[in-house]
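Notes follow the structure.
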Amino acid sequence: MDGNGSARHHGVMTRGLPQRAALGAVVFLVVSSAPLLVAAELEDRPPPIAISVGGMEVLVDRDATFGDVVRERSLHAADGRLLDVEGGVIDPHADPGRIWLNGTAADRAAQLSAGDAIVVAPGTDRTEGTRRVVEPLPGLQLQDPMSTLATSRVQRVTTVGRVSGIVVDVRYRSVGRTHEPPAVALTFDDGPWPHGTVRVLRVLRRMDAEATFFMVGYLMERYPGVVDRVARAGMAIGTHSWLHPYVTPFVDLSPHRQESEIARPADLLRTRFGVAPTLFRPPGGSVDPAVVRIADQNGMRVVRWDVDPHDYRASARPRAIAKTVLRSVRPGSIVLLHDGGGDQTATIRALPRIIRGVRRMGLEPVAIRG
């Protein structure tokens, strides 16, 4: 108390009031003034503005910047990649992504206005282009894929990725005149077969004739002694896939499966039998540029045929097989026969007649080399 009967509390003067009443007055004054201050603040704050972000209308502070919206909404434009011809990434930032303000690049500090449009524009993935490499091969060459023994000047046309250099396609293009040799290639598929291959081999050796055997990988693994006998006899050996898939055409197999079916038997011939195969015959003759390319990468060319007597059929008879072959062959023909896959007795009995008939035509049975 002072001399006038007044009390002082935290710098607020009250007269003639008890102390508790004075405190209540202070609290009342402070609390009652708070709504007035909030109202004043809301009344003074500018209203938000509407802009478009990715095609959707949003409200932002009137004083917001382009950078504020990009940051607060975590906007990000992914870069476009440059891909190689197999889908691998050459450059992950080949086409930088952009965030546009009203269709143009803008400073992130730019003040926004009502109706502005922000668009996230990712970069575009792009696959590299290709280029062709034309390489003339020396001398006279067989075709690839090969259906006859005819030779000519040949150009190898390789299509590669323009940046990566990855091989997309390999083709062989005949240039100029074709030369047909006075020879016929007798070829045998689906071996090695424990009895059929050996019997065919006996006929060939007795008649001093050469032939080419296209062998299946898992059968080579099962009958290595038969493979050795063919190799020691000086016959040509090519591959005929590992498992001989036939339900699905070879060209429709996955690239990985094609690679395995082509490479695996070739590796077996090299490592176990010391034979370096240069010839591959796809099951059913199913071939496209991808098969030619994979075979080429494994050091082999694709071989088909131009004469097929259908000797694999159960109804096939020796006389009919020989008649079909001799009626169809010409200089350079490749004849499709079978030494495996079942009982090939009809083919074996037809073989001497085929060899004699071919020789009477002035042609010689030969193996396919290279």
Side-chain angles (χ1 to χ4, degrees), residues 132-160 167-181 183-190 211-217 236-242 244-246 248-255 257-266 269 276-310 312 328-338 366-370:
R132 292 197 315 162
V133 179
V134 179
E135 174 190 7
L137 301 182
L140 297 176
Q141 298 281 335
L142 295 163
Q143 297 295 300
D144 194 356
M146 182 197 317
S147 295
T148 75
L149 298 177
T151 60
S152 65
R153 295 283 183 181
V154 172
Q155 293 177 337
R156 175 158 53 187
V157 182
T158 307
T159 303
V160 300
V167 176
V168 177
D169 183 26
V170 178
R171 296 174 187 253
Y172 293 85
R173 184 168 61 198
S174 180
V175 180
R177 181 184 169 196
T178 297
H179 301 265
E180 296 176 333
V184 170
L186 302 179
T187 67
F188 295 88
D189 283 12
D190 296 352
T212 304
F213 291 78
F214 289 98
M215 297 187 174
V216 178
I237 300 177
T239 64
H240 194 38
S241 79
W242 183 261
H244 198 293
Y246 61 90
T248 300
F250 199 82
V251 295
D252 293 334
L253 299 177
S254 70
R257 176 75 185 279
Q258 289 177 345
E259 172 67 33
S260 175
E261 290 285 343
I262 292 173
R264 193 175 172 190
L269 271 175
T278 59
L279 309 170
F280 169 68
R281 173 171 283 166
S286 178
V287 64
D288 64 7
V291 173
V292 174
R293 174 177 56 80
I294 296 171
D296 182 81
Q297 291 171 342
N298 284 273
M300 297 181 290
R301 72 173 71 229
V302 174
V303 181
R304 301 186 74 209
W305 58 87
D306 67 331
V307 178
D308 179 5
H310 302 288
Y312 56 87
S328 305
V329 293
R330 57 185 177 79
S333 282
I334 297 177
V335 181
L336 172 63
L337 298 166
H338 294 79
V366 300
I368 304 172
R369 308 287 184 183

Over all heavy atoms of both residues, which pair between [X] and [Y] is shortest? Give the atoms and the distance, please.
X	Y	result
M146	Q143	CB-O, 3.3 Å
A211	F188	CB-CE1, 3.7 Å
P181	P331	O-CB, 3.3 Å
P283	P245	CB-O, 3.4 Å
V170	V292	O-CG1, 3.6 Å
V287	V302	CG2-CG1, 3.9 Å

Listed once per pair and sorted, the salt bridge (charged side-chain N to carboxylate O under 4.0 Å, His left out) pairs that draw on residues 138-160, sequence neighbours left out: E135-R156, R156-D296

Donor on one side chain, acceptor on other, S147 and D306, under 3.5 Å: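 S147 vs D306: no donor-acceptor pair found between side chains.
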
Test side chain to side chain donor-acceptor pair (under 3.5 Å) applied to S174 - qualifying residues, sequence neighbours left out: S152

Verdict with reasoning, V291 to V251, per side chain to side chain contact (heavy atoms under 4.5 Å, CB included): CA-CA 7 Å; V291 173; V251 295; 4.2 Å; yes

Between the main-chain N or O of [Y] and the side-chain N or O of [X], is there a donor-acceptor pair closer than 3.5 Å?
X	Y	value
T159	R132	no
T187	T212	no
E180	A150	no

Any heavy-atom pair between the side chains of [Y] and [X] that's under 4.5 Å?
X	Y	answer
I237	P277	no
H240	P265	no
I368	R301	no

For the [atom1] atom of [X] and the [atom2] atom of [Y], what is their distance to the nearest 0.5 Å?
X	Y	atom1	atom2	answer
F213	D189	CZ	CG	10.5 Å
L149	L142	CG	CG	6.5 Å
R264	N298	CZ	CG	14.0 Å
R293	Q258	CZ	CD	8.5 Å
M300	L269	CE	CG	9.0 Å
D169	D288	CG	CG	9.0 Å

Mutual orientation of the aromatic rings belonging to Y312 and H310 [parallel < 30°, tilted 30-60°, perpendicular > 60°]: perpendicular

Partner set under ring-ring contact (aromatic ring centres under 6.0 Å, His included) for F280, not counting sequence neighbours: F250

R330 atom CZ, neighbour heavy-atom count above 12 within 6.0 Å: yes

Stepwise side chain to side chain contact (heavy atoms under 4.5 Å, CB included) test for V134 and R173: CA-CA 10 Å; V134 179; R173 184 168 61 198; 4.0 Å; yes

